[in-house]
Q: 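Mind having a look at this structure? Questions to follow.
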Amino acid sequence: MRSYLVFLLIFSTIPAIFFKPHVGILIWSWVSYMNPHRLTWGFAYNFSFLVFVAAATLVSAFMSKEPKKLPNHPLIWLLFIYFFWTTLTTIVAAYPEMAWVKWERVAKTFLFTILTVMFMQSKGRLHALLWVIVLSMGYFAMKGGLFTIISAGAHRVWGPPATFFADNNHFALAMCMILPLVRYLQLHSDNRYIRWFMGSMLFFGFFSIFGTHSRGALVGITAMVLFLVWKSKRILFGLGVVVVVVGIGYWFMPQSWHDRMATIADYENDASATGRLDMWKFAIDVANDAPILGGGYDIFYHEGYRAAYLPEGVKGRAAHSIWFEVLGEHGYVGLLLFLLLGITTYFTCSAIIQRCRDHPDLRWARDFAAMLQVGLVGFATAGTFLNVATFDLYYHMVVMAVLIRVLVDRELAARGAEPAPAVPVRTGPFKPAIAPRGGGG
């Protein structure tokens, strides 16, 4: 029954997609993040829904009379340059069979990232995309948090099977990135019941992160909270919230969770941690021998390279770090481009915050940008221990920053305000704005 329902839901949107390409982007995002077909047990489980959604969206995009101009923003140029570079490293990859498989997946992500920028240049469409992403992943946040509470944290929380974030660590990272966006929607929802619902999603999402037993996620969520405290003028209040929230979670979890978290400090005696260090050294050695182009996608799984670069008796594994993943696969040039992409996104958000400081009606953009920054901190810190450099949500956050900047500049230009540089040289601390009830969004 579920298979028929999912089939009906997705294919009933195809006619609308042919007339409205932005609907295709929304459906693509829903299927990509929630993977509703993976919640079935019948024929829909392995059905390639995204192929049909993508085909309809591309036809619609080609036929649409809507403007198809991309913003002239540094992040757009960086996205194209980074994709070009990863394509070049794939052409000369040491493991072409697997490299092209991963490149194909990344190319799909890149294509729909660009289509997102092209067709979502309005506040309504941008918020529609945000709601789709948040509700799609928030479902698993609430489900995982409820499971953690019911089981008293005795069992690990995993992501939806056969998806990009099926692994417990990847799922935890996804939750770290999505919770700041949940908070934004809570702040800017007019309906109090929606605010309560989003508040419950934050509550259960927090416990779902603890329930994954992911050490990297614990580092990520701690960094995110500390970042919020640092950026806020309410230091004592923020520290108090940190103590209460972390204290509740720490007290609630079982001894097995405490024992696992304790290995963060005792990494020398933890096989998983030392295995990561071996693979990080592997990435450095590969990059030193091929500093420009690296080894190509999935070089970490090449048995010949493992035999050449890993110490005898050491078992090869994934990179377990976005930074070393990019370094080993795309060389020092690729790592530089990847770093520039993240740094430019962060400072683009800072520029938005600065631009909106004296415009109360643009508080939505200021808060949105601030929460994107929090999510970026979570990705950068938790991602230090996970190989998720190609995660869709990160690139969606990059283009969301571009879209917010476009909307803010467009609104201020209509008022006759002077243009500001795309990325500020430096910004001072800010106090996160809390939208008044009915503040729009």
Q: Can you confirm if the aromatic rings of F368 and H188 lie within a centre distance of less than 6.0 Å?
A: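 Ring centroids of H188 and F368 are no less than 6.0 Å from each other.
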Q: How about N46 and H37: do any of their side-chain heavy atoms sit closer than 4.5 Å?
A: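 SC-SC contact between N46 and H37 ruled out.
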Q: Which one of F338, Y332, F379, F385 satisfies the ring pair (Phe, Tyr, Trp, His ring centres under 6.0 Å) criterion with W323?
A: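 Filter result, single survivor: F338.
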Q: How far apart are the closest heavy atoms of A365 and V408, and which atoms are they?
A: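 In terms of heavy atoms, the two residues are closest at CB-CG2, 3.5 Å.
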Q: Around atom CZ of F11, are there more than 12 heavy atoms from other residues, nucleotides or ligands closer than 6.0 Å?
A: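 Yes, the 6.0 Å shell around CZ holds more than 12 heavy atoms from other groups.
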Q: Using only atom types and a distance under 3.5 Å, with no angle test, would you say the side chain of S208 pairs donor to acceptor with the backbone of G205?
A: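 Looks like yes, one N/O pair under 3.5 Å.
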Q: Donor-acceptor check, side chain of W85 to backbone of H330, threshold 3.5 angstrom: yes or no?
A: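 Yes, because the side chain of W85 sits within donor-acceptor range (under 3.5 Å) of the backbone of H330.
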Q: To the nearest 0.5 angstrom, please state how far the CE atom of M120 sits from the CG atom of L129.
A: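 It is 5.0 Å, given to the nearest 0.5 Å.
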Q: Keeping the roles fixed (side chain from H359, backbone from D361), state whether a donor-acceptor pair exists under 3.5 Å.
A: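 The answer is no, because no donor-acceptor pair under 3.5 Å joins these two groups.
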Q: Is it the case that the side chain of Q121 and the backbone of L126 share a donor-acceptor pair, with hydrogens and angles ignored and the cut-off at 3.5 Å?
A: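 It does not hold such a pair.
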Q: Quick one, Q373 and F227 - any side-chain contact, counting heavy atoms below 4.5 Å?
A: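 Sidechains of F227 and Q373: in contact.
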Q: Rounded to the nearest 0.5 Å, what separates atom OH in Y95 from atom CD1 in I299?
A: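 Atom-to-atom, Y95:OH and I299:CD1 are 9.5 Å apart.
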Q: Can you tell me if T89 and E329 form a side-chain donor-acceptor pair at under 3.5 Å?
A: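 Judged by distance alone, the side chains do not pair up.
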Q: For V388 and E325, which heavy atoms make the closest approach, and how far apart are they?
A: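 Reported closest heavy-atom pair: N-OE1, 3.2 Å.
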Q: Is it the case that R183 and Q186 place a side-chain donor and acceptor less than 3.5 Å from each other?
A: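 The answer is yes; a qualifying pair exists.
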Q: So, do H396 and F391 have ring centers that fall under 6.0 Å from each other?
A: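 So the answer is no for these two rings.
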Q: If you define the side chain from C-beta out and look only at heavy atoms, does anything of M177 sit under 4.5 Å from L376?
A: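 The answer is no, as the side chains (C-beta and beyond) never meet within the 4.5 Å cut-off.
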Q: Given T348 and L75, is the side-chain contact (heavy atoms from CB on, under 4.5 Å) satisfied, shown in steps?
A: CA-CA 9 Å; T348 295; L75 282 173; 3.8 Å; yes
Q: Is there side-chain contact between M98 and H302, with heavy atoms separated by less than 4.5 Å?
A: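 When only atoms from C-beta onward are counted, H302 and M98 do not touch, as no gap falls below 4.5 Å.
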Q: Report yes if the side chains of L327 and W280 come closer than 4.5 Å at any heavy-atom pair, otherwise no.
A: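 Not touching, per the 4.5 Å side-chain cut-off.
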Q: A side-chain contact here means heavy atoms from C-beta on lying under 4.5 Å apart; do V31 and I10 qualify?
A: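 Counting from C-beta outward, V31 and I10 do come under 4.5 Å.
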Q: If you measure from CZ on F49 to CG on N35, what distance do you get to the nearest 0.5 Å?
A: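 F49 atom CZ to N35 atom CG measures 11.0 Å (nearest 0.5 Å).
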Q: Please verify the inter-ring angle class for F207 with F210; under 30° counts as parallel, over 60° as perpendicular, anything in between as tilted.
A: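 Tilted, since the angle between the ring planes falls between 30° and 60°.
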Q: Please answer whether the main-chain N or O of A56 pairs with a side-chain N or O of S60 as donor and acceptor at a distance below 3.5 Å.
A: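 Side chain of S60 to backbone of A56: no pair is present.
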Q: Could you grab the distance from atom SG of C349 to atom CD of Q354, nearest 0.5 Å is fine?
A: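 Answer rounded to 0.5 Å: 13.0 Å.
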Q: Distance-only, no hydrogens or angles: does the R156 side chain make a donor-acceptor pair with backbone N or O of G211 under 3.5 Å?
A: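 A pair under 3.5 Å: no.
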Q: Hey, does the side chain of D167 reach the backbone of N169 with a donor-acceptor pair shorter than 3.5 angstrom?
A: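 Yes, the answer is positive, given that a donor and an acceptor are paired below the 3.5 Å cut-off.
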Q: Is R38 close enough and on-axis enough to Y45, meaning under 6.0 Å and within 45°, for cation-pi?
A: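 Flagged: R38 positioned over aromatic ring of Y45.
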Q: So that I know where these two stand, are F52 and F47 an aromatic pair - ring centroids less than 6.0 Å apart?
A: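 Yes; F47 has its ring centre under 6.0 Å from that of F52.
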Q: Does C356 reach the side chain of R363, with side-chain heavy atoms less than 4.5 Å apart?
A: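 Not touching, per the 4.5 Å side-chain cut-off.
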Q: Please report the interatomic distance OG1(T86) to OH(Y297), rounded to the nearest 0.5 Å.
A: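 Going from OG1 on T86 over to OH on Y297, the span is 3.5 Å.
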Q: Taking all heavy atoms of L26 and all of V132, pick out the closest pair and write down the distance.
A: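 The pair with the smallest heavy-atom distance is O-CG1, 3.6 Å.
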Q: Tell me if the aromatic rings of F110 and F80 count as close, with their centers under 6.0 Å from one another.
A: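 Yes; F80 has its ring centre under 6.0 Å from that of F110.
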Q: Between T109 and D392, is there a donor-acceptor pair closer than 3.5 Å when you use the side chain of the first and the backbone of the second?
A: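 Checked: no pair found.
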Q: Do F140 and M34 have side chains that approach each other closer than 4.5 Å (heavy atoms only, starting at C-beta)?
A: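 Yes - at least one pair of side-chain heavy atoms lies under 4.5 Å apart.
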Q: Check whether R306 reaches the backbone of F300 with its side chain - one donor and one acceptor, N or O, closer than 3.5 Å.
A: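 Yes.
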Q: How far does CG of L111 sit from OG1 of T116, to the nearest 0.5 angstrom?
A: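 Answer for the CG-OG1 pair, L111 versus T116, is 9.0 Å.
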Q: Would you call R125 and E66 a salt bridge, taking side-chain N to carboxylate O under 4.0 Å as the test?
A: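 A salt bridge links R125 with E66.
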Q: Do any N or O atoms from the side chain of S48 and from the backbone of L50 form a donor-acceptor pair under 3.5 angstrom?
A: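 Looks like no, no N/O pair under 3.5 Å.
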